[in-house]
Amino acid sequence: MPRPSPSSPPSVDPVRLTPRRVREIGSRLLEWYDREKRDLPWRRTSDPYAILVSEFMLQQTQVATAIPYYTRFLKEFPTVQALASAPEQEVLRLWAGLGYYSRARNLRATANRIVEAHGGKVPDSVAELLFLPGVGSYMAGAVASIAHGIVAAAVDGNVIRVLSRLFRLKKDPSGPRVRRELEDLDMALVPRDRPGDFNQAMMELGARVCAPAAPDCPACPLRTVCEAAREGNPTDYPFKPRRAETVEVEESCAMVRRGERYLVTQRPGQTGRYRSMWEFPHIEVAKGGKTARRAKQTLGTYLADQFGIEVRVEEEWAEIRHQVTHHKIRKRVFRCSVGEGEGRAENDEPKVEETPVRWLTLEEIAALPLAAPQKRILELLKDAESFFGG
DNA sequence: AAGGCGGGGAC
DNA sequence: GTCCCAGCCTT
């Protein structure tokens, strides 16, 4: 049997899963976890509903970001019944600013399903959990293991990284196939007596020690059983697929004031960003050429066509920059003036039925579900009003 | 299999 | 600036 020559293409190292190595990984990791685990709100409860809420919030969201939202949310909806019977707008309002608003809608739908079909109890099997809206492979395993002590794999971004380094896995983990292999591998590692703690420990290790850019190998409880650490190149793992290029987007936003009230509208549609959330009217502006002038024109036309409101677009009043996934957005906020008797009087009938329009005070607007950039505009307006004395 | 979905933390 | 986060759903 010839040895592979140095020039042969790299192949995936065979994963060696001796019972001894499995035991060692489990015991070292749990020992570390028992010593180092953070005191997090959802670790102070054994209520499966609360744990379910935390898992929804923690999707693509860092622990520190989620904590204040989690606390508020459970205070408002302490039981699955309370959430199931809440209006969607109310759920969205508590989620506003956290992003990925489908999570909020799915969580509410899941609460509904749990009350209707599971007698108000969060299911304890992975198969049943997978039927719930917004619950995928990771969450089903996380909830089953953490809330119910079921032996299940829970493979998130942290676990992908830890496993890839432990076993020097070179394959792209973003596809479902390799993902499935990772789940099988993880499943073989989960200690039968403490599945929930093991899964949390893997994630905590990934977040605090086995970090993406600067892993702290000397502090790692698994350094003696980690192939990448031995090789000295942990940051070579996991394989990273090419990222989408950043796209720049220009938007115009209308600040239309009438006395104490401002024009706001509800985002229409069954799909798409921010649906059913509220905003100061805004629209994307085609780029190129004299963008600034086009931004004004586009906005005036939009207000007239969409809402039947004739305004004069005045000066640019503020500029908001933010980034969502691979979109880099610049939002120019224009002050707009409405002539006396123009626009509409108190009974606003938009031309487009499904696009509600309201004239509201800043206080009333603050009570609506607003995405983060809209909250920022609202804060700017509040500051301006207090500055000018209202 | 690929793209959409928001926002923020860490560097 | 960059990367990536306790992912999931739709097409």
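Below, chains carry the letters A, B, ... as their sequence lines are ordered, and counting in each starts from 1.
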Engineer: So which heavy atom on A:Leu129 is nearest to which on A:Pro123, and how close?
Structural biologist: CD2-O, 3.6 Å

Engineer: Would you say a side-chain N or O of A:Lys328 is under 4.0 Å from OP1 or OP2 of C:dG1?
Structural biologist: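 Answer is yes, contact under 4.0 Å.
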
Engineer: Which is true for A:Trp95 with a 4.0 Å heavy-atom rule: it touches a base, it touches only sugar-phosphate, or it touches nothing?
Structural biologist: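 Touches nothing.
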
Engineer: Using atom P in both nucleotides, what's the gap between B:dG8 and C:dC8 to the nearest angstrom?
Structural biologist: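 Roughly 22 Å separates the two P atoms.
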
Engineer: Rounding to the closest angstrom, what is the interatomic distance between B:dG6 and C:dC3 at atom C1'?
Structural biologist: 16 Å

Engineer: What interatomic distance, in whole Å, is found between C1' of B:dC5 and the corresponding atom of C:dC5?
Structural biologist: 14 Å

Engineer: For A:Arg43, which contact category applies under a 4.0 Å heavy-atom criterion: base, sugar-phosphate, or nothing?
Structural biologist: base

Engineer: Considering only NZ, NE, NH1 and NH2 on the basic side and carboxylate oxygens on the acidic side, decide whether A:Glu227 and A:Arg165 come within less than 4.0 Å.
Structural biologist: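 Judged by the 4.0 Å cut-off on N to carboxylate O distance, A:Glu227 and A:Arg165 do not form a salt bridge.
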
Engineer: Assuming nearest nucleotide by heavy-atom distance, tell me which of A:Thr61 and A:Ala213 is located more 5' along DNA chain B.
Structural biologist: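 Its nearest nucleotide being more 5', the pick is A:Thr61.
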
Engineer: Separation of A:Leu205 atom CG from C:dC5 atom P, in whole Å?
Structural biologist: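 The answer, rounded to whole Å, is 14 Å.
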
Engineer: Please confirm whether the shortest side-chain N or O distance from A:Tyr101 to OP1 or OP2 of B:dG4 is below 4.0 Å.
Structural biologist: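 For B:dG4, neither OP1 nor OP2 has a side-chain N or O of A:Tyr101 closer than 4.0 Å.
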
Engineer: Within 45° of the six-membered ring axis of A:Trp359 and under 6.0 Å from that ring's centre, is NZ or CZ of A:Arg258 located there?
Structural biologist: yes

Engineer: Checking contacts here: which listed nucleotide (B:dG6, B:dG7, C:dA6) is nearest the side-chain heavy atoms of A:Met203?
Structural biologist: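 The listed nucleotide nearest to A:Met203's side chain is C:dA6.
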
Engineer: Find the distance A:His327:NE2 to B:dC5:P and express it as a whole number of Å.
Structural biologist: 6 Å

Engineer: Enumerate all atom pairs, one protein N or O and one N or O from nucleotides 8-10 of chain B, separated by less than 3.5 Å.
Structural biologist:
{"unit_1": "B:dG9", "atom_1": "O4'", "unit_2": "A:Gln62", "atom_2": "OE1", "d": "3.0"}

Engineer: So, does A:Arg161 get its side chain near the phosphate of C:dC4, meaning an N or O under 4.0 Å from OP1 or OP2?
Structural biologist: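 The answer is no; no side-chain N or O of A:Arg161 sits under 4.0 Å from OP1 or OP2.
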
Engineer: Please report, rounded to the nearest Å, how far the P atom of C:dT10 is from the CZ atom of A:Arg103.
Structural biologist: 16 Å

Engineer: So what does A:Met139 touch, heavy atoms closer than 4.0 Å: a base, only the sugar-phosphate, or nothing?
Structural biologist: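 The residue A:Met139 makes sugar-phosphate contact but no base contact.
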
Engineer: I want to verify a distance call: between C:dC5, C:dC8, B:dG6, whose nearest atom is closest to the A:Arg273 side chain?
Structural biologist: B:dG6

Engineer: What is the distance from CD of A:Gln60 to P of C:dC3, rounded to the nearest Å?
Structural biologist: 15 Å

Engineer: How many whole angstroms separate atom OH of A:Tyr138 from atom P of C:dC4?
Structural biologist: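 It works out to 19 Å between those atoms.
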
Engineer: In a check of side-chain contact (heavy atoms from CB on, under 4.5 Å) between A:Phe167 and each of A:Leu185, A:Val162, A:Val225, which one passes?
Structural biologist: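 Checked A:Leu185, A:Val162, A:Val225 against A:Phe167; only one passes side-chain contact (heavy atoms from CB on, under 4.5 Å): A:Leu185.
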
Engineer: At 4.0 Å (heavy atoms only), tell me whether A:Ala211 reaches a base, stays on the sugar-phosphate, or touches nothing.
Structural biologist: nothing

Engineer: Among the candidates C:dA6, B:dA1, C:dC8, find the nucleotide nearest to the side-chain atoms of A:Leu58.
Structural biologist: C:dA6

Engineer: Using a strict cut-off of less than 4.0 Å between a Lys/Arg side-chain nitrogen and an Asp/Glu carboxylate oxygen, indicate whether A:Lys37 and A:Glu204 qualify as a salt bridge.
Structural biologist: no

Engineer: Taking NZ, NE, NH1 and NH2 as the nitrogens, is one of them in A:Glu314 or A:Lys296 under 4.0 Å from a carboxylate oxygen of the other?
Structural biologist: no

Engineer: Of the options C:dG7, C:dA6, B:dG7, whose atoms approach the side-chain atoms of A:Pro373 most closely?
Structural biologist: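 Of all the options, the side chain of A:Pro373 is nearest to B:dG7.
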
Engineer: Nearest to the side chain of A:Lys240, heavy atoms from C-beta on, is which of C:dC4, C:dA6, B:dG6?
Structural biologist: C:dC4

Engineer: Give a yes or no on whether a salt bridge exists between A:Asp184 and A:Arg180, defined as a side-chain N under 4.0 angstrom from a carboxylate O.
Structural biologist: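 Judged by the 4.0 Å cut-off on N to carboxylate O distance, A:Asp184 and A:Arg180 do form a salt bridge.
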
Engineer: Tell me: NE2 of A:His326 to C1' of B:dG6, nearest whole Å?
Structural biologist: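 The distance from NE2 of A:His326 to C1' of B:dG6 comes to 13 Å, rounded to the nearest Å.
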
Engineer: How long is the line joining OH of A:Tyr70 and C1' of B:dG7, in whole Å?
Structural biologist: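 In whole Å, B:dG7 C1' lies 21 Å from A:Tyr70 OH.
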
Engineer: Output the rounded distance in Å from OH (A:Tyr100) to P (B:dG7).
Structural biologist: 10 Å

Engineer: Pick base, sugar-phosphate or nothing for A:Gly272, based on heavy-atom distances below 4.0 Å to the nucleic acid.
Structural biologist: sugar-phosphate

Engineer: At 4.0 Å (heavy atoms only), tell me whether A:Ser137 reaches a base, stays on the sugar-phosphate, or touches nothing.
Structural biologist: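 Sugar-phosphate, backbone atoms only, no base.
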
Engineer: Taking all atoms of both residues into account, what is the closest heavy-atom pair of A:Leu205 and A:Leu29, and its distance?
Structural biologist: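 Closest approach of A:Leu205 to A:Leu29, heavy atoms only: CD2-CD1, 4.0 Å.
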
Engineer: Base, sugar-phosphate alone, or nothing: which one does A:Val159 contact when heavy atoms must sit under 4.0 Å apart?
Structural biologist: nothing

Engineer: Specify the residue among A:Arg38 and A:Leu130 whose closest nucleotide of DNA chain C lies further upstream toward the 5′ end.
Structural biologist: A:Arg38

Engineer: Parallel, tilted or perpendicular: which one describes the rings of A:Trp95 and A:Phe73, with boundaries at 30° and 60°?
Structural biologist: perpendicular

Engineer: Here's a test of your reading of the structure: between A:Pro176 and A:Thr325, which maps to the more 5' nucleotide of DNA chain B?
Structural biologist: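 So the residue in question is A:Pro176.
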
Engineer: Measuring from the side chain of A:Val324 (C-beta onward, heavy atoms only), which nucleotide among C:dC4, C:dA6, B:dG7 has the closest atom?
Structural biologist: B:dG7

